Chemist: 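Below is the structure I would like to discuss, written out as structure tokens.
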Amino acid sequence: MANKIKLGHVHFSGCTGCLVSVADIYQGLLKILDDYADLVYALTLVDVRHIPEMDVALVEGSVCIQDHESVEDIKETRKKSRIVVALGSCATYGNITRFCRGGQHNQPQHESFLPIGDLIDVDVYIPGCPPSPELIRNVTVMAYLLLGGNEEQKALAGRYLKPLMALAKRGTTGCFCDLMNDVINQGLCIGCGTCAAACPVRAITHEFGKPQGDLNLCVKCGSCYGACPRSFFNFDVIPEFESISELIADVLK
Ligand code: SF4
Ligand code: SF4
């Protein structure tokens with residue numbers, strides 16, 4: 001196997017819940033840190049003050065554009081990282097920070113928060129509030145294989161990451177409306193209920209076999225669209241589910 005990759009966690013306007021999801025990989029995280037990745041930056045966990053060169057940056061939180069240091073730091077993150085991963089719904093879509101309007105003590109001018117994709121190019125999205133530990137684990141393992149695996153592993157990792165890269169290209173807004181616009185109104189919805197199961201605030205119910213969204217509850221996390229099997233069903237990877245599961249289990253043994 002290749003050398004360990006340099007992994008970082010870069011924290012912007014997030015709640016650290018995404019980092020808790022990283023920790024929730026439990027033994028798998030210890031194995032990753034033992035064998036595959038050095039954690040070179042994470043202000044919560046590592047005493048490194050300045051953003052170093054990273055192979056993979058897991059970026060949590062949106063960016064307050066009135067906070068010049070944050071704006072500089074996200075640009076620095078892009079410059080120093082081979083793969084930038086928007087970790088969680090604040091980084092991918094703004095999420096709850098979409099509702100910020102400023103006016104609060106002691107920085108009332110901090111009123112505008114953007115998903116990181118509005119400021120830099122992002123390679124991979126891991127949506128979710130919180131994002132799933134399994135998905136973070138899989139992306140980390142696949143990024144390792146993509147950067148340092150053999151040709152076959154690189155090809156598999158590329159296929160695995162492709163839909164999450166496509167999500168990153170698709171845009172920076174997440175909402176129940178995505179299901180309306182891109183799934184239901186396109187005649188693609190099969191009424192499976194996955195979107196309702198994925199919604200962290202139970203904004204989605206099913207009526208007459210089709211999802212109904214309560215936009216007053218929706219926190220704009222984008223999880224429902226990401227989880228919907230009709231949003232970007234990846235025919236390259238899903239049939240390989242067993243071999244991918246075995247590969248990840250092998251890597252983490
Ligand atoms: S997850 Fe997608 S296909 Fe399934 S009910 Fe929701 S919108 Fe329809
Ligand atoms: S409906 Fe639920 S899952 Fe979908 S964007 Fe809104 S809060 Fe997130």
Side-chain angles (χ1 to χ4, degrees), residues 12-22 24 58-64 85-101 112-119 122 124-136 138-139 160 162-239 241:
F12 289 96
S13 296
C15 68
T16 323
C18 296
L19 186 61
V20 172
S21 282
V22 175
D24 281 345
L58 301 173
V59 180
E60 170 172 352
S62 61
V63 178
C64 173
V85 179
L87 175 63
S89 291
C90 291
T92 52
Y93 299 122
N95 200 23
I96 199 75
T97 66
R98 285 288 190 192
F99 299 86
C100 291
R101 297 292 181 268
S112 316
F113 292 77
L114 291 176
I116 65 170
D118 283 345
L119 294 157
V122 178
V124 177
Y125 270 14
I126 302 181
C129 181
S132 106
E134 290 76 17
L135 187 54
I136 302 168
N138 292 359
V139 166
Y160 183 89
K162 195 170 149 192
L164 300 172
M165 296 172 110
L167 261 193
K169 291 268 173 294
R170 179 176 172 270
T172 56
T173 53
C175 174
F176 176 77
C177 332
D178 296 331
L179 292 183
M180 291 301 301
N181 296 334
D182 294 351
V183 182
I184 301 163
N185 292 350
Q186 304 295 330
L188 294 172
C189 177
I190 50 170
C192 65
T194 306
C195 51
C199 179
V201 294
R202 299 189 180 176
I204 303 176
T205 52
H206 271 240
E207 286 167 36
F208 307 111
K210 288 286 153 66
Q212 305 290 327
D214 183 341
L215 292 181
N216 287 321
L217 287 179
C218 173
V219 290
K220 301 195 177 295
C221 70
S223 300
C224 49
Y225 182 80
C228 170
R230 302 312 301 276
S231 59
F232 57 93
F233 197 87
N234 188 343
F235 288 96
D236 287 344
V237 172
I238 304 290
F241 177 79

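Both ligands and their constituent atoms are indexed starting at 1 by order of listing. Keep in mind that this is a model prediction, so the values were computed, not measured. The residues of the chain are indexed from 1 along the displayed sequence.
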Chemist: From Cys90 SG over to Leu114 CG, what is the distance, rounded to the nearest 0.5 angstrom?
Modeler: 12.5 Å
Chemist: What verdict does the side chain to side chain contact (heavy atoms under 4.5 Å, CB included) test give for Ile204 and Cys218, after you've listed the backbone C-alpha separation in whole Å, the side-chain angles of each residue and the deciding distance to 0.1 Å?
Modeler: CA-CA 8 Å; Ile204 303 176; Cys218 173; over 6 Å; no
Chemist: Within the stated cut-off of 2.8 Å, is an N/O/S atom of Cys199 closer than that to atom 2 (Fe) of ligand 2?
Modeler: yes
Chemist: Nearest to atom 4 (Fe) of ligand 2 by heavy atom, Cys224, Cys175, Gly222, Ala197: which?
Modeler: Cys224
Chemist: State, with a plain yes or no, whether a side-chain heavy atom of Arg98 is found less than 4.5 Å away from one of Pro115.
Modeler: yes
Chemist: Provide the number and element of each atom of ligand 1 under 4.0 Å from a heavy atom of Pro229.
Modeler: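 In order of number, 1 (S).
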Chemist: One residue to check: Ile204. Relative to ligand 2, which of side chain, backbone, both or neither has a non-hydrogen atom less than 4.0 Å away?
Modeler: side chain
Chemist: Closest non-hydrogen protein atom to atom 8 (Fe) of ligand 1, residue and atom name please, with distance?
Modeler: Cys189 SG, 2.3 Å
Chemist: Hey, which atoms in ligand 1 end up nearer than 4.0 Å to a heavy atom of His206?
Modeler: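 In order of number, 5 (S).
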Chemist: Side chains of Leu215 and Met180: does their closest heavy-atom pair fall under 4.5 Å?
Modeler: no
Chemist: For atom 6 (Fe) of ligand 1, what is the closest protein heavy atom, and at what distance to 0.1 Å?
Modeler: Cys195 SG, 2.3 Å
Chemist: With respect to Val85, which candidate in Leu164, Ile116, Val124 satisfies the side chain to side chain contact (heavy atoms under 4.5 Å, CB included) definition?
Modeler: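 Going through the options one by one, the only one that passes is Val124.
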Chemist: Val219 heavy atoms, cut-off 4.0 Å: which ligand 2 atoms fall inside?
Modeler: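 The atoms of ligand 2 under 4.0 Å from a heavy atom of Val219 are 6 (Fe), 7 (S).
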Chemist: If you count the atoms of ligand 2 from 1 in the order shown, which ones are under 4.0 Å from a heavy atom of Val201?
Modeler: 7 (S)
Chemist: In ligand 1, which numbered atoms sit nearer than 4.0 Å to a non-hydrogen atom of Gly191?
Modeler: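 The list of qualifying atoms is 5 (S), 8 (Fe).
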Chemist: What is the nearest protein non-hydrogen atom to atom 2 (Fe) of ligand 1, stated with its residue, atom name and distance?
Modeler: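 So the nearest neighbour among protein heavy atoms is Cys228 SG, 2.3 Å.
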Chemist: Do Tyr125 and Tyr93 make the cut of ring centroids closer than 6.0 angstrom?
Modeler: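 Under 6.0 Å, so yes.
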Chemist: Using a cut-off of 6.0 Å, state whether more than 12 heavy atoms not belonging to Phe241 lie near its atom CZ.
Modeler: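 12 or below, so no.
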Chemist: Going by heavy atoms in the side chains, are Val20 and Pro130 under 4.5 Å from each other?
Modeler: no
Chemist: Quick one: nearest non-hydrogen protein atom to atom 3 (S) of ligand 1, plus distance?
Modeler: Ile190 N, 3.4 Å
Chemist: Closer than 4.0 Å to some heavy atom of Gly193 - which atoms of ligand 1 meet that?
Modeler: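 Going through ligand 1 atom by atom, the ones under 4.0 Å from Gly193 are 4 (Fe), 5 (S).
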Chemist: Report the C-alpha distance between Cys129 and Val219 in whole Å, list the side-chain angles of each, state the deciding distance to 0.1 Å, and finish with yes or no for side chain to side chain contact (heavy atoms under 4.5 Å, CB included).
Modeler: CA-CA 9 Å; Cys129 181; Val219 290; 5.7 Å; no
